[in-house]
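Residue numbering restarts at 1 for every chain, and letters A, B, ... go by the order of the sequence lines.
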Amino acid sequence: METYTTTVGGQDVLVHVGPDFGPMPAPGVLGLDVESTYLTDRAQFDPAFKVRTVQFATEQEAWVLDVTDPAQRATAAGILTDTAFSFCSHTNMDVLSVLAEFGIDIADRNIDTRALAIMADPDKDNDRDLKTLGTLYGMDELRQDDESLYAWMQARWVDAGGRKNAAKAHIEQVGWDALASLPVDELPDRFFIYAGKDAIVCRRLLPLLIPATQAPAELLRIEQWLAATCNRIQARGLRVDENELNSLLAYARAETGDAERVAKEITGGITLRSPKLQGWFGEHGVEWDDWTGALTPKGTPSLAKENVKLIGDFPLDEQGRAVFDALIKFRRSLDLLNKCEGISARIVDGRIHPLLNPVGATTTARMSSSGPNLQNMSKTDRRMRGMFLPDPGHELWTIDFDQVELRVVAGLAREEKMIETILAGGDLHQLTVDELAAMGVTISRQVGKMANFLIVYGGGPKALAEQAGIPLDIAAEVVYGIRERYPAINALTIYMSGMKDEVRTISGRRLPVTVNRKTGDVRSYANVNYLVQSSARELLVDAWHRFAVDFGHDGVVWWPVHDELVLQVPTGEQAAQIIADAERAMTLDFMGVPITASAVRLVDEQGVSRWMPGDVAEKIAKGKS
DNA sequence: TGCCCTTGCGCG
DNA sequence: AAAGCGCGCAAGGGCA
């Protein structure tokens, strides 16, 4: 064993490297970090993935164990298995790595310091890697060591013939990959020292970050539960109908490829995604000034969803018509293509394992998903969600809150008209229509719905005019009318916009106010949205926790989508009870406002359970009966 | 050529 | 005075 003496936060620490582990650390919380083979798209789920070293640390001492050595591996496994130890690590990567390498699930015994760092400082613009946090909390050595390691990697990479002017991030990536493929016994000392210090810094951050969150203990407790639960969902993965995936992939490649070829030929090289295409259409019959569809934030015509078809309503010339047809064909399959490629690149044993980040939305702590993002699968193209199947012997159900954000804002503001309507089982969008009618402003229910979203999102006349395709003066009447007819919400908006420092959710979570980058102004109009969006997220997580823990249905949630839980329920008699419990868990009183939810069984026309939007499943069920 | 920033669009 | 919020991903376009 080699022991290095170095410093963290100006204090001497020891980093033990090697086979003779030395005295065991006392039971308690250890900083944990692993180094692995380089990460492919499939990351820890790649069959070739291997952990190379495991680092444990107290605040003063780190042990770096070479997992390729059987004795050290056994020592590491012993500590990881021993429930007298719990761990803290940065991100959930180490938890997944330990599971992949050792088959040991430490999710319940691990605290994610990165998640704590977000709670401590939810400003989206700030970095939260260990070395940045280390510097922030008086442990700058990690940054220094990182630079030393970087210099080593740069020399190695440039010597190996890399581009001399490559960006630092690029060299770092290549450097880490190079390190990851070196045999462990050829790694430089500074690598092990860095690795050990990583774990020490992580361990030292824990007691610093917890008070920095200023979060109530109950909130921290539920976040801990959620993090472990999200980890297990990722590890379990989602089953993919691979035949369907492959046929969709072939179809989407052919469709988009054909369309792209045709369009390029006619336009002389303009792709079907290029902003230049709109100018081209302008020369082939489209009067953009007469565009009646929605606009993008930039004010150019939006071609999202069905909008793109509006181009066909203009008197196009022959070339314009041909490119339009190609564009329609392209747009119909582009999203499908991208999603299928993403899924295909990550499939392992018929499953994908997207990250489910419990606090992915830094500003509001909503959950996010990536690799691939499973929270933005198309609802209009059923084939995308339809690729995902429950495990054998199970079926999928979906249960979602009804208009949860509007109800939350109604409750927080105590907007009596809204609350009465909710209690009476009425329609909040129609209420807005009726309230405006009382002021002599006539709008459709569709615009009433958009107007209600403005309340939640903090929008103004311009946004409504653009999205609804109505004149600015009418939109202004709607917006100002709403402020008058919903005085309590208006008061809440004014009250919240007075908060220039932070916003607190119903659970006491601190949220940041945000700043307009160009003007430097505080975007205080967004505060109501942050409060509402984040509080609604907490209501969902609380309901999920009740369902999993209080009702004893741990592991039943298949995938969450903000205000919705998709459930994977064993087929059979107990299914009805599980669904009933889910409905009970998601039915609650929020400040006198009932929050309700209803479950839908997801079964296609052939009687096969697969993922799909709830309203689609309801239509299928109706068609059958 | 590769990197970085912006834009658009899917979901909520 | 006015201000649509939060994500992840792919691709375009400017730049070196």
Side-chain angles (χ1 to χ4, degrees), chain A residues 122 124 162-163 165-171 173 256 260 270-278 294-305 307-308 331 334-339 341-342 354-357 359-381 384-385 400-401 403-405 409 450-468 472 475-476 479-480 493 497 503 511-512 514-519 521-534 536-537 540 559-564 613:
Chain A
K124 194 163 43 178
R163 289 179 311 109
N165 63 346
K168 178 170 177 178
H170 180 73
I171 293 175
Q173 183 59 50
T256 53
E260 194 79 284
I270 301 176
T271 68
L272 287 169
R273 279 198 55 113
S274 171
K276 290 176 191 160
L277 195 64
Q278 296 199 0
L295 302 176
T296 67
K298 269 279 182 184
T300 56
S302 168
L303 304 184
K305 303 235 174 123
N307 266 316
V308 66
R331 294 299 291 268
L334 178 62
D335 190 29
L336 182 68
L337 175 72
N338 288 336
K339 295 283 165 47
E341 295 278 17
L355 168 65
L356 180 57
N357 187 341
V359 288
T362 307
T363 311
T364 62
R366 286 222 297 198
M367 288 169 268
S368 76
S369 149
S370 62
N373 180 358
L374 231 68
Q375 291 183 328
N376 70 346
M377 289 290 167
S378 176
K379 292 176 72 168
T380 50
D381 187 341
M384 286 186 222
R385 293 183 184 211
D400 66 318
F401 281 142
Q403 298 175 310
V404 64
E405 293 193 346
V409 80
M450 289 178 183
N452 280 347
F453 277 111
L454 287 193
I455 293 173
V456 174
Y457 293 149
K462 203 178 101 201
L464 180 60
E466 279 171 11
Q467 181 172 341
L472 191 59
V479 170
Y480 299 128
T493 303
S497 67
V503 171
L511 306 180
T514 54
V515 171
N516 182 318
R517 281 225 190 133
K518 281 181 188 151
T519 65
D521 293 343
V522 174
R523 296 160 78 236
S524 53
Y525 61 89
N527 288 356
V528 166
N529 177 257
Y530 296 157
L531 170 65
V532 169
Q533 189 181 112
S534 191
R537 178 274 195 193
L540 183 89
W559 193 256
V561 193
H562 304 307
D563 64 352
E564 167 191 13

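Contact annotation: side chain of A:Gln467 to base of C:dG4, donor-acceptor pair present below 3.5 Å. In the interface, the side chain of A:Gln533 is paired with the base of C:dC5 through a donor and an acceptor atom under 3.5 Å apart.
Remark: A:Asp381 engages A:Arg383 in a salt bridge (Lys or Arg N to Asp or Glu O under 4.0 Å) (not counting sequence neighbours). Residues satisfying the salt bridge (Lys or Arg N to Asp or Glu O under 4.0 Å) test with A:Asp335, not counting sequence neighbours, are A:Lys339. When the side-chain hydrogen bond (donor to acceptor under 3.5 Å, both in side chains) test is applied to A:Thr364, the partners found at least two apart in sequence or on another chain are A:Gln533.
Side-chain proximity of A:Asp335 to the nucleotides C:dC7, B:dG10, B:dG12 is greatest for B:dG10. With C:dC5, C:dA3, B:dG12 as the candidates, the nucleotide lying closest to the side chain of A:Val561 is B:dG12. With C:dC7, B:dG12, C:dA3 as the choices, the nucleotide that has an atom nearest any side-chain atom of A:Lys462 turns out to be C:dA3.
For the OP1/OP2 pair of C:dA1 and a distance below 4.0 Å, the side-chain nitrogens and oxygens of A:Tyr525 include no atom meeting the criterion. For A:Tyr530 and C:dG6, the shortest distance from a side-chain N or O to OP1 or OP2 is below 4.0 Å. At least one side-chain nitrogen or oxygen of A:Ser368 sits closer than 4.0 Å to the OP1 or OP2 atom of C:dG8. Residue A:Lys298 places at least one side-chain N or O under 4.0 Å from the OP1 or OP2 atom of B:dT7. Between A:Lys305 and the phosphate of B:dG8, there is no side-chain N or O to OP1/OP2 separation shorter than 4.0 Å. One finds a side-chain N or O of A:Thr296 lying less than 4.0 angstrom from the OP1 or OP2 phosphate oxygen of B:dG8. Contact annotation: A:Thr380 does not reach the phosphate of B:dG10 (side-chain N/O to OP1 or OP2, under 4.0 Å).
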Quiz prompt | CA sep, side-chain torsions, deciding dist, call: A:Gln375, A:Trp559, side-chain contact (heavy atoms from CB on, under 4.5 Å) | solution = CA-CA 9 Å; A:Gln375 291 183 328; A:Trp559 193 256; 3.8 Å; yes

Practice problem: Go through A:Arg537 and A:Val359 one step at a time and tell me if the side-chain contact (heavy atoms from CB on, under 4.5 Å) criterion holds. | Solution: CA-CA 10 Å; A:Arg537 178 274 195 193; A:Val359 288; 3.9 Å; yes

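Not a single donor-acceptor pair under 3.5 Å links the side chain of A:Asn357 to the backbone N or O of A:Ser369. The backbone N or O of A:Leu272 lies less than 3.5 Å from a partner atom in the side chain of A:Glu260, making a donor-acceptor pair.
Backbone-only engagement by A:Arg331 is indicated by non-hydrogen atom pairs under 4.0 Å involving sugar-phosphate atoms exclusively. Residue-level contact check: A:Arg523 touches the backbone only, with heavy atoms under 4.0 Å from sugar-phosphate atoms and none from bases. Note on A:Lys339: nothing from the nucleic acid sits closer than 4.0 angstrom, heavy atoms only. Across all strands shown, A:Met384 has no heavy atoms under 4.0 Å from either base or sugar-phosphate atoms. A:Ser302 comes within 4.0 angstrom of the backbone, heavy atoms only, and of no base. Residue contacts shown for A:Tyr480 are limited to sugar-phosphate atoms, with no base heavy atom under 4.0 Å away. At the heavy-atom level, A:Leu303 lies under 4.0 Å from the strands shown only through sugar-phosphate atoms.
In this structure, A:Leu540 and A:His562 approach most closely via the heavy-atom pair CD2-O, 3.5 Å. Residues A:Arg331 and A:Val308 approach most closely at CG-CG2, 4.4 Å, considering heavy atoms. Minimum interatomic distance between A:Ser368 and A:Gly360 (heavy atoms only, all atoms of both residues): OG-CA, 3.2 Å.
Between A:Gln278 atom CD and B:dG8 atom C1' the separation is 10 Å, expressed in whole Å. Rounding to whole angstrom units, CG of residue A:Asn357 and P of C:dG6 are separated by 16 Å. Look at CD on A:Glu564: it is 7 Å from P on B:dG12, rounded to the nearest Å. Rounded to whole Å, atom P of C:dG8 lies 14 Å from atom CE of A:Met377. Residue A:Asn527 contributes atom CG, which lies 11 Å from atom C1' of C:dC5 at whole-angstrom precision. In this structure, A:Asp400 atom CG and B:dG12 atom C1' are separated by 11 Å, rounded to whole Å. Look at CG on A:Leu295: it is 12 Å from P on C:dG4, rounded to the nearest Å. Residue A:Leu336 contributes atom CG, which lies 18 Å from atom P of B:dC9 at whole-angstrom precision.
Here, B:dC9 and C:dG4 have their C1' atoms 16 Å apart, quoted to the whole Å.
Mapping A:Lys518 and A:Ser378 onto DNA chain B by nearest heavy atom places A:Lys518 at the nucleotide closer to the 5' end. Between A:Asn452 and A:Thr363, it is A:Asn452 whose nearest contact on DNA chain C lies nearer the 5' terminus.
With a cut-off of 3.5 Å on both pairing distances, the Watson-Crick and G-U wobble pairs of DNA chain C assemble into stems of 3 or more at B:1-12 with C:5-16.
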Quiz item: Once each nucleotide of nucleotides 9-14 of chain C is scored for protein heavy atoms under 4.0 Å, what B/S/- sequence comes out, 5' to 3'?
Solution: SSSSS-

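Under a 4.0 Å N-O distance rule, the pair A:Arg366/A:Glu405 qualifies as a salt bridge.
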Donor-acceptor pairs under 3.5 Å, side chain of residues 295-305 of chain A to any protein atom, not counting sequence neighbours: which ones?
| from | atom 1 | to | atom 2 | distance (Å) |
| --- | --- | --- | --- | --- |
| A:Thr296 | OG1 | A:Lys298 | N | 3.3 |
| A:Thr296 | OG1 | A:Thr300 | N | 3.3 |
| A:Thr296 | OG1 | A:Thr300 | O | 3.2 |
| A:Thr296 | OG1 | A:Thr300 | OG1 | 2.8 |
| A:Ser302 | OG | A:Ala304 | N | 3.3 |

